[in-house]
Amino acid sequence: MTDQPIWSWDATWEVLPKLLHGFFTATLVVTVVSTIIAAILGLIIAIIRRSAPKPIAAAFTLIVNFIRMTPIVMQLLFAYAAFTSVSGLTIGIIIFGIHYSTYMAEVYRAGIEAVPPGQWEACTALSMSRARTWVGVVIPQALRATVPALGNYAISMFKDTPFLVSISVVEMVQAGLAYGGSHFRYTEAITLAGLIFLAASYPTSLLVNRLEKRLAYTT
């Protein structure tokens, strides 16, 4: 057994660029693009479940529950095996976007149901079209109540990106594990990866909390 120091600064400076490369080329890309997909798709799902005929709404509810009740790592592995011509990064972005859209759809649903019934009745009394009622009245009020919760799901998605290792995407943690495996040193890589996650997610969490308080005060 070799007598290695617990911490090596040489290994620290050597692995840090590899971690940052994985962070900016995969971890951050998947988080940002998937969050945009999830936010848009989740809103569409919520509107369909609210306004579509019952059979269609029931079908969407079944699909949403199926996606929510199955682990995201299984969805990643299935898509990676089924679509071999698609890159792992693209599959990761799509699966993360679809998976989290089901959670965001529930957030939107709560926000839509929080809109006072009088708002719907007023739109009907003014003969506003269905589309104008959604775009001009309901969605702005629903978004106001749901932005903080959507931000929390974006942070959760960011912390789930290490699952991308299951489909061979070299994100930050995978880059650290690859370095550890080749140099027989994991302490520096794993510690730095954790610190980078903290440095990125903590300010975002503070921003979400601040936004939540600001919306609460102005409601």
Side-chain angles (χ1 to χ4, degrees), residues 26-115 120 130-131 133-135 138-174 197 200-201 204-205 208 212:
T27 304
L28 191 61
V29 170
V30 171
T31 301
V32 172
V33 180
S34 298
T35 297
I36 295 171
I37 294 173
I40 296 173
L41 187 59
L43 180 60
I44 294 172
I45 293 172
I47 293 174
I48 290 175
R49 292 178 64 186
R50 168 81 187 199
S51 59
K54 284 187 178 180
I56 296 177
F60 268 83
T61 300
L62 187 65
I63 294 171
V64 165
N65 288 338
F66 175 78
I67 295 174
R68 291 180 63 198
M69 298 301 172
T70 52
I72 190 171
V73 66
M74 297 302 298
Q75 296 166 13
L76 287 168
L77 290 170
F78 175 80
Y80 192 59
F83 304 100
T84 53
S85 61
V86 182
S87 71
L89 183 63
T90 302
I91 287 176
I93 289 171
I94 294 173
I95 294 299
F96 266 83
I98 293 175
H99 185 83
Y100 273 90
S101 72
T102 61
Y103 291 96
M104 291 189 180
E106 288 298 304
V107 175
Y108 285 126
R109 182 186 60 79
I112 292 169
E113 291 182 355
V115 176
W120 295 91
R130 195 73 173 169
T133 300
W134 275 106
V135 175
V138 177
I139 291 178
Q141 295 185 64
L143 288 178
R144 189 182 184 85
T146 57
V147 166
L150 296 179
N152 287 329
Y153 275 119
I155 295 172
S156 296
M157 186 189 303
F158 173 61
K159 292 188 291 186
D160 279 350
T161 52
F163 284 129
L164 292 169
V165 68
S166 64
I167 55 174
S168 302
V169 174
V170 185
E171 45 71 58
M172 181 171 59
V173 174
Q174 173 65 6
F197 268 114
S201 61
T204 307
S205 177
V208 170
E212 185 175 10

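We use all heavy atoms of the structure for the numbers below, so side chains are in, but hydrogens, waters and symmetry mates are not.
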Between [atom1] of [X] and [atom2] of [Y], what distance do you get to the nearest 0.5 Å?
X: Tyr153; Y: Thr102; atom1: OH; atom2: OG1; value: 8.5 Å
X: Ile56; Y: Ser51; atom1: CD1; atom2: OG; value: 9.5 Å
X: Met157; Y: Ile72; atom1: CE; atom2: CD1; value: 7.5 Å
X: Leu150; Y: Leu143; atom1: CG; atom2: CG; value: 7.5 Å
X: Leu41; Y: Ile36; atom1: CG; atom2: CD1; value: 13.5 Å
X: Ile37; Y: Ile95; atom1: CD1; atom2: CD1; value: 10.5 Å

**Request:** Evaluate the criterion side chain to side chain contact (heavy atoms under 4.5 Å, CB included) for residue pair Ile139 and Tyr108; output intermediate values, then yes/no.
**Result:** CA-CA 9 Å; Ile139 291 178; Tyr108 285 126; over 6 Å; no
How close do [X] and [Y] get, heavy atom to heavy atom, and via which atoms?
X: Thr146; Y: Gly111; answer: CG2-CA, 3.8 Å
X: Ile93; Y: Ser34; answer: O-OG, 2.9 Å
X: Val173; Y: Pro162; answer: CG2-CG, 3.8 Å
X: Arg49; Y: Val64; answer: NH1-CG1, 4.0 Å
X: Ala142; Y: Val115; answer: N-CG2, 4.3 Å
X: Gly92; Y: Val30; answer: O-CG1, 4.3 Å

task = Take atom CZ of Phe197 as the centre, draw a 6.0 Å sphere, and report whether it contains more than 12 heavy atoms from other residues, nucleotides or ligands.
result =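 Enclosed: over 12 neighbouring heavy atoms sit under 6.0 Å from CZ of Phe197.
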Item to complete: Without swapping roles, check the side chain of Thr27 against the backbone of Met172 for a donor-acceptor pair under 3.5 Å.
Response: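 Judged by distance alone, yes, a pair lies under 3.5 Å.
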Is a side-chain N or O of Ser205 found less than 3.5 angstrom from the main chain of Ser201, in a donor-acceptor match?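 Checking the backbone N and O of Ser201 against the side chain of Ser205, no donor-acceptor pair under 3.5 Å is found.
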For Tyr103 and His99, take the angle between the two ring planes, folded into 0 to 90°, and tell me which bin it lands in: parallel under 30, tilted 30 to 60, perpendicular over 60.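 Because their plane-to-plane angle lies in the 30° to 60° range, the rings of Tyr103 and His99 count as tilted.
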*Kindly determine whether Trp134 and Ile112 satisfy side chain to side chain contact (heavy atoms under 4.5 Å, CB included), including the steps that lead there.*
CA-CA 10 Å; Trp134 275 106; Ile112 292 169; 3.7 Å; yes
Side chains of Val138 and Trp120: does their closest heavy-atom pair fall under 4.5 Å?
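A side-chain contact under 4.5 Å exists here.
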Measuring only between side-chain heavy atoms, which start at C-beta, is Asp160 closer than 4.5 Å to Tyr100?
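Yes, their side chains come closer than 4.5 Å.
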Inset, instruction - With side chain to side chain contact (heavy atoms under 4.5 Å, CB included) as the test, would you mind laying out the steps for Phe83 and Thr90 before giving the verdict? - result: CA-CA 11 Å; Phe83 304 100; Thr90 302; over 6 Å; no
For Tyr80, the option from Val169, Val86, Ile91 that meets side-chain contact (heavy atoms from CB on, under 4.5 Å):
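In the set Val169, Val86, Ile91, the residue that makes a side-chain contact (heavy atoms from CB on, under 4.5 Å) with Tyr80 is Ile91.
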Check your understanding: Given the rule in the side chain to side chain contact (heavy atoms under 4.5 Å, CB included) test, do Ile67 and Gln75 qualify, once you have shown the distances and angles that lead to the verdict?
Key -> CA-CA 8 Å; Ile67 295 174; Gln75 296 166 13; 3.8 Å; yes
